[in-house]
Amino acid sequence: MVKDSLISFEVFPPKTDSAFESIEWSVRELSAWNPDFMSVTYGAGGGTSQYTTKIASLIKNKLDTTALAHLTCASTPKEKIKEILDTLKVNNIDNILAMRGDIPVGFTRPEGEYFTYACELVKCIKDYGYFDVGGACYPECHPECDSLEKDIEHLKIKVDSGVDFLITQLFYDNEVFYSFVEKARKKGIFAPIFAGIMPITNVNQIDRIIGLSGTRLPKEVNEFIEKYKDDPEAFMRAGLDFAIKQINELQENGVNGIHIYTMNKPYVARTVLKGINR
Ligand code: FAD
């Protein structure tokens, strides 16, 4: 599924059957914009993995769009991973974003029953066969790692374990992304790197975004946050305009792909797609 200058969307699955319909509606709307692929996240505890498969199957088999199912191994035992791979294969889903995930606080992982790092999951999936495998990467360093240099060394191990493409954590400063790509290429990482873009559309998102990724917000973003914090409509417009500008610059600089964290909001994806030089 790897080619240059892709546009992809990330969606999250429902947590319950009752929420399925509204998410199905969003997914259908998003797919109508013809992204190159749509990815479906995997719930942190692994308990809702059936919904990841269900939404990915809808995307692939009913909406005729390439689907990428996320899979994490922090709280999913090796034995269950094999079952999930079988289920994805039966559902005709042949792309997986393989991650470690966050280890739930207080969760004990008996030795040997769980993979320690994503690279082990990547190898397991590649040994299984059938799937193209993506990995996550962090232009501003993974929060648990001491330095970006060390994190990129670990990334190299992950890519050498069989990663076909990488998707970055969200970021707002393109210079950070260019510098990360340069460092990764110097370390011998040549897999395509898709830039993860999350438009900031409301004030309440900001703490979560920074808490999640530790990303640095450029002056321009801080300025529009301050200027429009009490005007939700103008705030959303400014956030979407910034995302459009960020994507256009990345594309002018030859980015391999843009992965939009849509937050299941078709309006966000539609506005961004209309604004960019696709
Ligand atoms: P790893 O690659 O295993 O890295 C984790 C840490 O271990 C890093 O600090 C790394 O430097 C270190 N490390 C890695 N390999 C080695 C090694 N061989 N030796 C020593 N140290 C090593 N989470 C979800 O729960 N569900 C999702 O759907 C989801 N989707 C995501 C999508 C994207 C694009 C991104 C960027 C993140 C996503 N996450 C998701 C979050 C992700 O699971 C967390 O960031 C998690 O903490 C790390 O996962 P990873 O696969 O990057 O881990």
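Order of appearance sets the numbers: ligands from 1, and atoms from 1 within every ligand. Nothing here was measured: the structure is a model prediction, and the numbers come from that model.
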> Is the backbone N or O of Ile193 less than 3.5 Å from a side-chain atom of Asn256, with the two atoms forming a donor-acceptor pair by type?
Replying inline: yes
> Does one side chain, of Asn277 or Gln251, offer a donor that lies under 3.5 Å from an acceptor on the other?
Replying inline: no
> With atoms numbered from 1 as shown, which atoms in ligand 1 lie under 4.0 angstrom from a non-hydrogen atom of Ala136?
Replying inline: 35 (C), 36 (C), 52 (O)
> Which pairs, with at least one residue in residues 182-200 and sequence neighbours excluded, count as a salt bridge (Lys or Arg N to Asp or Glu O under 4.0 Å)?
Replying inline: Glu149-Lys183, Glu182-Lys186
> Do Tyr138 and Asp151 get their side chains close enough for a donor-acceptor pair, meaning under 3.5 Å?
Replying inline: no
> How are the rings of Phe224 and Phe242 set to each other: parallel, tilted or perpendicular (split at 30° and 60°)?
Replying inline: tilted
> Considering only heavy atoms of Ile167, which atoms of ligand 1 have at least one such atom less than 4.0 Å away?
Replying inline: 34 (C)
>> Only heavy atoms of Asp102, strictly under 4.0 Å: list the atoms of ligand 1 that pass.
In response: 44 (C), 46 (C), 47 (O)
> Among protein heavy atoms, which sits nearest to atom 2 (O) of ligand 1, and what does the distance come to when rounded to 0.1 Å?
Replying inline: Lys158 NZ, 2.8 Å
> Just heavy atoms, cut-off under 4.0 Å: does His259 contact ligand 1 by side chain, backbone, both, or neither?
Replying inline: neither
>> Heavy atoms only, cut-off 4.0 Å: how does Thr72 contact ligand 1, side chain, backbone, both, or neither?
In response: side chain
> Considering only heavy atoms of Thr41, which atoms of ligand 1 have at least one such atom less than 4.0 Å away?
Replying inline: 28 (O)
> Side chains of Thr201 and Gln205: donor-acceptor distance under 3.5 Å anywhere?
Replying inline: yes
>> Under 4.0 Å from a heavy atom of Tyr261: which atoms of ligand 1 are those, numbered in the order shown and with their elements?
In response: 33 (C), 34 (C)
> Is it the side chain (CB and beyond), the backbone, both or neither of Leu97 that lies under 4.0 Å from ligand 1, heavy atoms counted?
Replying inline: side chain
> Does Arg100 approach ligand 1 within less than 4.0 angstrom via side chain, backbone, both or neither, non-hydrogen atoms only?
Replying inline: both
> Hey, which of Leu68, Thr65, Thr66, Ile260 is the one that makes side chain to side chain contact (heavy atoms under 4.5 Å, CB included) with Met38?
Replying inline: Thr65
> What residues, two or more places apart in sequence or in another chain, satisfy salt bridge (Lys or Arg N to Asp or Glu O under 4.0 Å) together with Asp230?
Replying inline: none
>> Could you check whether any heavy atom of Ile103 sits closer than 4.0 Å to an atom of ligand 1, since that is the contact criterion I want to use?
In response: no
> Got an N/O contact under 3.5 Å between His154 and ligand 1?
Replying inline: yes
> Are any non-hydrogen protein atoms located under 4.0 Å from atom 4 (O) of ligand 1?
Replying inline: no
> Going by distance only, is there an N or O of Asp151 that falls short of 3.5 Å from an N or O of ligand 1?
Replying inline: yes
>> Counting only heavy atoms closer than 4.0 Å, does ligand 1 sit against the backbone of Met99, its side chain, both, or neither?
In response: both
> Which protein heavy atom lies closest to atom 30 (N) of ligand 1, and at what distance to 0.1 Å?
Replying inline: His70 ND1, 3.1 Å
> Is it the case that Glu140 and Thr215 place a side-chain donor and acceptor less than 3.5 Å from each other?
Replying inline: yes
> How about His70 and Thr52: does a side-chain donor come under 3.5 Å of a side-chain acceptor?
Replying inline: no
>> Show me which atoms of ligand 1 lie under 4.0 Å from any heavy atom of Ala44.
In response: 25 (O)
>> Regarding atom 41 (C) of ligand 1: of the candidates Tyr138, Tyr42, Tyr117, which has the closest heavy atom?
In response: Tyr138
> Can you find an N/O atom of Glu144 closer than 3.5 Å to an N/O atom of ligand 1?
Replying inline: no
> So does Lys78 have more than 12 non-hydrogen atoms from other groups sitting under 6.0 Å from NZ?
Replying inline: yes
> So, Ser8 versus His259: side-chain donor-acceptor pair below 3.5 Å or not?
Replying inline: yes
>> Looking at Tyr128, I'd like to know if the NZ or CZ of Lys82 sits under 6.0 Å from its six-membered ring centre while staying within 45 degrees of the ring's axis.
In response: no
>> Could you identify the single nearest non-hydrogen protein atom to atom 9 (O) of ligand 1 and state the distance to 0.1 Å?
In response: His142 ND1, 2.9 Å
> Within the structure, does Thr116 bring an N/O atom to less than 3.5 angstrom of an N/O atom in ligand 1?
Replying inline: no
> Below 4.0 Å from any atom of ligand 1, is there a heavy atom belonging to Gly101?
Replying inline: yes
